[in-house]
Structures are given as C-alpha cells and as structure tokens.
Amino acid sequence: MTTFALVDCNNFYASCERLFRPELKNQPVAVLSNNDGCIVARSQEVKALGIKTGTPLFKVLPLLRQQHVHIFSSNYTLYGDLSARVMSTLEELSPIIEIYSIDEAFLNLSGISDPSAYGKQIRTRVYKDVGIPVSVGIAPTKTLAKLANYAAKKYPATAGVVNLMDAQRQQRLLAITPVAEVWGVGRKLSASLNNSGITTALELAQQKGSRIRRHYSVVLERTVRELNGEACLDLDNAPAAKQQIVCSRSFGSRINDYASLRETICEFAARAAQKLRRERQLASNVNVFIRTSPFLDNAAQYANSATLRLAYPSSDSGAIIAAATTALDSIYKADYPYAKAGVMLADFCSARRSQLSLFQAPAQTAQRDKLMQTIDNINHSGTAKVWFGGQRPVKDWFMQRDMVSPAYTTNWDCLPLV
DNA sequence: TCTGGGGTCCTAGGACCC
DNA sequence: TCTGGGGTCCTAGGACCC
C-alpha cells in the first residue's frame, strides 16, 4: 500500500506577503487577483471575517478598511519564486514528488516507519528553510490525503499534521466532513448530492460505485473508491506535456479601438508562443477570443472566438502572431467596449519529431528556430527587450495593480534592507 | 466605477470509415 | 419501404481543480 502525503502551504499568497513584512504577523492580510478585481487569498483573520475567495473587492472594501486589513495586489514573481523554494525543499525530503499546484505537492512516504513524525519534520523543515507554514495530510489515497490536509488546517489541535492511514480514523473524519469538501466534488455536484440526501463525505463513501456511475460519472465513482481507501490515482512524478496554452487578461480599462486590441492580441500571441517554446512543443491551432464585460447589463454585449489552423505545426512567434491577427480580423466588430481577450494554442506535437513542411526549406526553418532562441535568450531576464512590431512594448498599461509588493527575491533593486 | 487566469478530464453527438 | 455492426475522430460543452 502506498502512503501519500499532501503538503499544502497555508494561505500561500498571504504568507508570502507576510514573509517580508514580519510586522504583519497576526494581522489580517488579503491578496487580490489581477486588476485588483477580487480576493484570491486571505489570512486566517480575514477568513474569520466571513470573506469568501472570489469576492469582488468593491463589495467588501468598506469592511476591509474598517477592519484594517492589509490589501496586496497579486505579485506572481514573488509567489512563483517562493513556491520553487518550497518545492525544492520537499524534493530533498522525498525522492518522489508530484507538484500539483503553485502551493501544494503530493509526496510518496511509503516505507517511512512513522509517517506522522515525518509529517512534523516536513513542517518544521519548510518553515525553517523558506519561512512558509505548511499543513500535511497523510493517507493511503490522494483523495483521503486531501481530506486529511483539510482537517490539518481546520482543526488547530492537530498541529498541522493529520495521519489517516488508519481506517477508523478515516471513518470518523468522513462522518463530520461536508461532502462539498471532498476533492472532485464542486458546487454543482454537491448541490445535486445534497438533494439526494448525501450531505457528508461518509454518506458519499457508502454509496454503491455502480449507482454513482450510473447517476453521475466514472469520475465520481473513482472518488467513492478513493474515499474507501482504494487508490485509483497514482502519484504523477513527471508532469505530462501541456495540451493547451492560454494567455488572456481582463483589461484594467475598456479597449474601444481596433489598434489597441490588435496590439493586445499580438502581445498575448507572442507570450503564448514563448511558453510553447519553453515546453519544447509545436502548435497547430491558434484560437483568439474577445468579449465585452458580462457584468454591464445595460450595455450591448458581444463575444466571439475564431480558430485558425496553421499550415504546419510551429512555435514561431511570427507565424503565431500572423494567425492570431487574422483570426482577430475575422471576429472584430467596432464600437464595443472590450473587457477581455485572449489567445489559446492547442493541438501540440513535440518539437523533437515535427513534420517538415513541403513548401519551406529545412534551412529556413532552422534559421527561424535560431532567431526565436536568440530572442528568448535576450528576453530571458526581466522585461522584454526585443519584440515584434505588432506588440505593444510597454507592459504595464492594461493591468491595474495599485498595491503590489516589491519583487523581494528576484530583483536586485528590491532586496529588503535590514 | 470596480467581478482573475490557467488548466484538466469526460461525455454526447455528428461525420465518416469499412 | 425496409436499412447492421463495429469502429475512429473531432468538437462543444460541462464539470472540476488551484
């Protein structure tokens, strides 16, 4: 039997902000989404105020002010760097690890004689090395490890580590946990399950798999099995190649003219192409979407998207930008206040075994590859220094970030002074 | 006034093949 | 008028995750 551990950072973004502002310890901290739109991370004190993740800032701003909550714009440079530090510490503690998201990872603790003690060590070590508090859930399946981690966070008496290897402990926790907290049960499913009288995780676990499969899906059936200690999900050590790459943003202010929208699409296309090259993949499909704000109900709405197929798979910024602008031209309508747009790349194949084009000489392709590589090398650090003519070179024009903290760990000019 | 961004997996249905 | 059985591939849409 495998022993899974789920290590999850506590209030990750809020903890990152606090790390370099020690005076904010025990103070309420909230972190905002792009454009300072909604709340995406909250310290314990803010959670206690009843503010939910995803709440639009403007709805709770008076309350936050009144409670002296420290508000931060998102600073993904900082979070990404601290995440990498947490993950490399975890890799030293366990040879097999699956990085599941920016703030959590599954570890394989099979063969460790006292997993609970090891869980405590993990906590201590990450806090000492990186300064970020984590919680640890241990169980024979990933779904149960998720649940154990939930309990480690929810119940202070656990001191941040819950070991669910024992079947009776599993039952006790499942019985007091709402079904909505189960990994894979979201809003729609929990509402539907509640209607059928299934309100706790234990009640879900006691369902017959075949019945769940008939009424819901094979996915939920797998969840039921996992809740009963039958491991259906393996630890995924080497992340699979991406199947799509998206670059999209809501705008800090509406875009009303074609020229600006075109520049935005070029910028997204170039960034997506760069991500694609980092993945060492080639894309065949380029999709562009544009839309007005669905929240302005008195204004005329327009949303559309178009997909273009490239003549041959490519990661060439020039080819992808050209396709994206062509797609944009096919859906653009004047006189709408555009609020969001994006570029999606899909239908990938590996750059290592790509199909050559009948109409393009291999030497020419190699030359373009070299050009892209050179551009990536020049742009490697910090803001872009080389770009295509259609892109807008200034990068901060469409995003509102009024309360952003310094890039303490990645920019010499932002080093904290002691 | 102000509502994020980036992903995955599964299913159903249509077009098409022999 | 009747119209098999077995399959693939693609797309759209819906659910979920952080």
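Lettering follows sequence order; numbering is per chain, from 1. No hydrogens, no waters, no symmetry mates; every other heavy atom, side chains included, goes into these values.
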With heavy atoms under 4.0 Å as the rule, sort A/Ile245 into base, sugar-phosphate or nothing.
-> sugar-phosphate
Should A/Arg254 be listed as having a side-chain N or O under 4.0 Å from OP1 or OP2 of B/dC2?
-> yes
The side chain of A/Glu104 lies closest to which of these nucleotides: C/dA15, B/dG5, C/dC18?
-> C/dC18
Compare the minimum distances between each of B/dC9, B/dG4, B/dG6 and the side chain of A/Gln243, then state the nucleotide with the smallest one.
-> B/dC9
Taking the nucleotide of DNA chain B with the closest heavy atom to each, which residue, A/Ser217 or A/Gln244, is nearer the 5' end?
-> A/Gln244
Taking NZ, NE, NH1 and NH2 as the nitrogens, is one of them in A/Arg271 or A/Glu267 under 4.0 Å from a carboxylate oxygen of the other?
-> yes
Round to the nearest Å and state the distance from A/Asp36 atom CG to B/dT3 atom C1'.
-> 12 Å
State whether the number of non-hydrogen atoms from other residues, nucleotides or ligands found under 6.0 Å of A/Lys153 atom NZ is greater than 12.
-> yes
Nearest-angstrom distance from the residue atom CG of A/Leu233 to P of C/dC16 = 17 Å
Hey, is the side chain of A/Lys146 poking within less than 4.0 Å of OP1 or OP2 on C/dC18, counting only N and O atoms?
-> yes
Starting at CZ of A/Phe12 and ending at C1' of C/dC18, how long is that distance when rounded to a whole Å?
-> 12 Å
Which part of the nucleic acid, if any, lies within contact of A/Leu189, taking any heavy atom under 4.0 Å across all strands shown: a base, the sugar-phosphate backbone alone, or nothing?
-> sugar-phosphate
Rounded to the nearest Å, what distance is computed from the NZ atom of residue A/Lys52 to the P atom of nucleotide C/dC18?
-> 17 Å
Give A/Ser248 one of three labels, base, sugar-phosphate or nothing, depending on what nucleic acid heavy atoms sit under 4.0 Å from its own.
-> sugar-phosphate
Does A/Ser250 have a side-chain nitrogen or oxygen under 4.0 Å from the phosphate oxygens OP1 or OP2 of B/dG5?
-> yes
Find which nucleotide of DNA chain B each of A/Ala241 and A/Val40 is nearest to by heavy atoms, and output the residue with the more 5' nucleotide.
-> A/Val40
Tell me, do A/Phe12 and A/Glu17 make a side-chain contact under 4.5 Å, heavy atoms counted?
-> no
According to a strict under-4.0 Å criterion, is A/Arg222 in side-chain N/O contact with OP1 or OP2 of B/dC9?
-> no
If you look at every strand shown and take non-hydrogen atoms under 4.0 Å, does A/Asp103 touch a base, only sugar-phosphate, or nothing?
-> sugar-phosphate
Once you round it to whole Å, what is the distance between P of C/dC16 and CD1 of A/Ile212?
-> 14 Å
G-U wobble or Watson-Crick pairing nucleotide for B/dC18 (cut-off 3.5 Å, both distances) | C/dG5
A/Glu221 CD - C/dC16 C1' separation (whole Å) | 17 Å
is_close_aromatic(A/Phe4, A/Trp183), centroid dist under 6.0 Å = no
Rounded distance (Å) that lies between atom P of B/dG5 and atom CZ of A/Arg291 = 9 Å
A/Tyr76 has a side chain; which of B/dT3, B/dG4, C/dC17 sits nearest to it?
-> B/dG4
Gap in Å between the two P atoms, one belonging to C/dC18 and one to B/dT3, rounded | 25 Å
Between P of C/dG14 and CZ of A/Arg187, the distance in whole Å | 13 Å
Proximity to the side chain of A/Lys242 - top-ranked nucleotide from B/dG7, B/dG5, B/dT3 = B/dG7
Against the side chain of A/Ser33, the closest entry in B/dG4, B/dG6, C/dC18 is B/dG4
Could you tell me whether A/Arg309 and A/Asp347 have a side-chain N and a carboxylate O separated by less than 4.0 Å?
-> yes
Over 12 non-hydrogen atoms of neighbours within 6.0 angstrom of OH in A/Tyr76 = yes
Identify which nucleotide among B/dG6, B/dC2, C/dC18 has an atom closest to any side-chain atom of A/Phe58, counting heavy atoms from C-beta outward.
-> B/dC2
Choosing from C/dA15, C/dC17, B/dG6, which nucleotide comes nearest the side chain of A/Trp183?
-> C/dC17
Mark yes or no: A/Lys142 above the aromatic ring of A/Phe106, with NZ or CZ under 6.0 Å from the six-membered ring centre and no more than 45 degrees from the axis.
-> yes
Of C/dC18, B/dT3, B/dG7, the nucleotide closest to the side chain of A/Lys275 is B/dG7
